[in-house]
Peer 1: 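The structure's right below; bear with me while I get my questions together.
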Amino acid sequence: MDEEPQANAGGAVVGEDGKARTPWAYGDPMLLSYYDTEWGMPIHDEAGLFERMSLEGFQAGLSWLTILKKRERFREVFAGFDPEAVAEFGEPEVDRLLGDAGIIRHRGKIAACINNAARVLELRDEGGLDEFLWSFQPAETPRPRTVAEIPTTGAESEALSKALKKKGFRFVGPTTMYALMEAIGMIDTHLLDSHRRGASGVWSA
């Protein structure tokens, strides 16, 4: 997930419950719950990865909270992010989606999601989306103490973006792919003092 701009590029913030977190986790209960239970945890199932990739694409230029608030509706109208179902969407579905205020009504992003579903199906012949994405896991993860030290892109996300574009994927720029890598636990950008640091089990705290 792309972090929202922080006025204080400082360290972890201790919440009312006494637990320290990266600052973007605060501001709304949905963000807090997402941070504490889901963000940065490993994801390997195809639909789950396709959903995260799609939502990161829809998030571009918007706050993540906006996406979280619309997430359930996204799941409803995009068939639970089943790539086989989404790949079959045509103009009638696009028109329907453009008229649905419950999601982000952006033709380019909607078209990209449908296109990417078809590309996910093609990857099955090469080991699948999970194998493809996780093959770009870096050898090391960032160890930020402050928000200012959290990267927004890296060599691996740039390589992943380039490889996905070569496969025909859209809305998969380096920054968006870095956010995806954070969201699915491929890297750990929880601040070192956060109670969630190392929670994924992929990296030691």
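Keep in mind the model is a prediction, meaning the values are calculated, not measured.
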Peer 1: Does some side-chain heavy atom of Met177 sit less than 4.5 Å from a side-chain heavy atom of Phe136?
Peer 2: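 Phe136 vs Met177: side chains apart.
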Peer 1: Could you report the tightest heavy-atom contact between Leu129 and Leu123, atom names first, then the distance?
Peer 2: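 So the two residues come closest at CD1-CD1, 3.9 Å.
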Peer 1: Within the structure provided, determine whether Asp193 and Val14 are in side-chain contact (heavy-atom separation under 4.5 Å).
Peer 2: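 No, too far: nothing below the 4.5 Å cut-off.
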Peer 1: Answer yes or no: is there a side-chain heavy-atom contact under 4.5 Å between Trp24 and Trp39?
Peer 2: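 SC-SC contact between Trp24 and Trp39 confirmed.
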Peer 1: Can a donor-acceptor pair be found, under 3.5 Å and without considering hydrogens, that links the side chain of Lys70 to the backbone of Ala101?
Peer 2: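 Yes, the answer is positive, given that a donor and an acceptor are paired below the 3.5 Å cut-off.
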Peer 1: Once rounded to the nearest 0.5 Å, what's the spacing between atom CD of Glu156 and atom OH of Tyr178?
Peer 2: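 It comes to 8.5 Å.
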Peer 1: Could you walk me through whether Glu182 and Glu56 pass the side-chain contact (heavy atoms from CB on, under 4.5 Å) check?
Peer 2: CA-CA 11 Å; Glu182 293 177 292; Glu56 293 294 350; over 6 Å; no
Peer 1: I would like to know whether Tyr34 and Ile67 meet side-chain contact (heavy atoms from CB on, under 4.5 Å); could you show each step before the answer?
Peer 2: CA-CA 12 Å; Tyr34 178 68; Ile67 299 300; over 6 Å; no
Peer 1: Donor-acceptor pair, Tyr26 side chain versus Val13 backbone, under 3.5 Å?
Peer 2: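 Checking the backbone N and O of Val13 against the side chain of Tyr26, a donor-acceptor pair under 3.5 Å is found.
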Peer 1: Under 6.0 Å from the CD atom of Glu88, do we count more than 12 heavy atoms belonging to anything else shown?
Peer 2: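 Incorrect, the count does not exceed 12.
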Peer 1: Kindly indicate whether the side chain of Met186, heavy atoms from C-beta on, has any atom under 4.5 Å from the side chain of Val202.
Peer 2: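 Met186 does not reach Val202 side chain to side chain.
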Peer 1: Of the non-hydrogen atoms in Phe81 and Cys113, which two are nearest, and what is the gap between them?
Peer 2: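 Minimum heavy-atom contact is CE2-SG, 4.3 Å.
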Peer 1: Write out all pairs satisfying side chain to side chain donor-acceptor pair (under 3.5 Å) with one or both partners inside residues 107-118, taking only residues at least two apart or from two chains.
Peer 2: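 Counting only pairs at least two positions apart or across chains, the side chain to side chain donor-acceptor pair (under 3.5 Å) contacts touching residues 107-118 are Asn115-Arg119.
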Peer 1: Testing the 3.5 Å rule here: is there a donor-acceptor pair between the side chains of Ser194 and Tyr35?
Peer 2: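 Note: Ser194 and Tyr35 side chains meet the donor-acceptor criterion.
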Peer 1: Using side-chain contact (heavy atoms from CB on, under 4.5 Å), reason through Ile184 and Met53 one step at a time and then give a plain yes or no.
Peer 2: CA-CA 10 Å; Ile184 66 173; Met53 174 183 285; over 6 Å; no
Peer 1: Which pair of heavy atoms, one from Ala117 and one from Pro83, lies closest together, and at what distance?
Peer 2: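 Here Ala117 and Pro83 meet closest at CB-O, 3.5 Å.
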Peer 1: At what distance, to the nearest 0.5 angstrom, does CG of Leu97 lie from CD1 of Ile103?
Peer 2: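 Output value for this atom pair is 4.5 Å.
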Peer 1: Give, for atom CZ of Phe78 and atom CG of Leu55, the distance between the pair rounded to the nearest 0.5 Å.
Peer 2: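 Between Phe78 CZ and Leu55 CG, I get 9.0 Å after rounding to 0.5 Å.
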Peer 1: Which atom names give the shortest non-hydrogen contact between Leu68 and Met30, and what distance separates them?
Peer 2: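 That closest heavy-atom pairing would be O-CE, 3.2 Å.
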Peer 1: Is there side-chain contact between Glu126 and Lys167, with heavy atoms separated by less than 4.5 Å?
Peer 2: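 Heavy-atom side-chain distance check passes, below 4.5 Å.
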Peer 1: Indicate yes or no for a side-chain donor-acceptor contact from Thr176 to the backbone of Val172 under 3.5 Å, with no hydrogens or angles considered.
Peer 2: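 Looks like no, no N/O pair under 3.5 Å.
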Peer 1: Please examine the side chains of Arg197 and Leu191, heavy atoms only from C-beta on, and report whether any two atoms are closer than 4.5 Å.
Peer 2: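 They are not in side-chain contact.
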Peer 1: For the pair Thr22 and Ile150, evaluate side-chain contact (heavy atoms from CB on, under 4.5 Å) and give the outcome as yes or no after the intermediate values.
Peer 2: CA-CA 10 Å; Thr22 304; Ile150 300 175; 4.2 Å; yes
Peer 1: Give a yes or no on whether the backbone of Ser33 and the side-chain of Thr37 come within a donor-acceptor separation of less than 3.5 Å.
Peer 2: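 Yes.
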Peer 1: Please list all pairs passing the side chain to side chain donor-acceptor pair (under 3.5 Å) test where one or both residues lie in residues 75-87, with sequence neighbours left out.
Peer 2: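 Side chain to side chain donor-acceptor pair (under 3.5 Å) check on residues 75-87 returns Glu51-Arg75, Glu72-Arg75, Arg73-Glu76, Glu84-Arg124.
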Peer 1: Does Phe171 reach the side chain of Ser54, with side-chain heavy atoms less than 4.5 Å apart?
Peer 2: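 No; the side chains remain at least 4.5 Å from each other.
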Peer 1: Starting at NZ of Lys19, measure out to CG of Leu32 and round the result to the nearest 0.5 Å.
Peer 2: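 Taking NZ in Lys19 and CG in Leu32, the distance rounds to 9.5 Å.
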Peer 1: Answer yes or no: is there a side-chain heavy-atom contact under 4.5 Å between Phe89 and Ile110?
Peer 2: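 No. Closest side-chain heavy atoms not under 4.5 Å.
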Peer 1: How many angstroms lie between CG in Asp188 and CZ in Arg143, if you round to the nearest 0.5 Å?
Peer 2: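 Between Asp188 CG and Arg143 CZ, I get 9.0 Å after rounding to 0.5 Å.
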Peer 1: May I ask you to decide if Thr175's main-chain N or O and Ser157's side chain share a donor-acceptor pair within less than 3.5 Å?
Peer 2: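 No; judged by distance alone, with no hydrogens or angles, the pair does not exist.
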Peer 1: For the residue pair Phe58 and Phe74, does the interplanar ring angle fall in the parallel (under 30°), tilted (30 to 60°) or perpendicular (over 60°) class?
Peer 2: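 Plane angle between 30° and 60°, so tilted.
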Peer 1: Under 3.5 Å, side chain of Trp134 to main-chain N/O of Ile43, donor-acceptor pair present?
Peer 2: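 Pair found, side chain donor or acceptor close to backbone of Ile43.
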Peer 1: Once rounded to the nearest 0.5 Å, what's the spacing between atom CZ of Arg196 and atom CE of Met41?
Peer 2: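 Here the rounded value is 5.5 Å.
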Peer 1: For the residue pair Pro23 and Gly11, what are the closest heavy atoms and their distance?
Peer 2: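 In terms of heavy atoms, the two residues are closest at CG-O, 3.6 Å.
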Peer 1: Would you name the heavy atoms of Ala20 and Ala12 that are closest together and state the gap between them?
Peer 2: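 Shortest heavy-atom contact: CB-CB, 4.0 Å.
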Peer 1: Does a sphere of radius 6.0 Å around CZ in Arg145 hold more than 12 heavy atoms from other residues, nucleotides or ligands, not counting ones at 6.0 Å or beyond?
Peer 2: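 No, because the 6.0 Å sphere around CZ of Arg145 holds 12 heavy atoms or fewer from other groups.
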Peer 1: Transitively linked via ILVMFWY side-chain contacts under 4.5 Å: Phe169 with Leu121?
Peer 2: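 Shared cluster, no.
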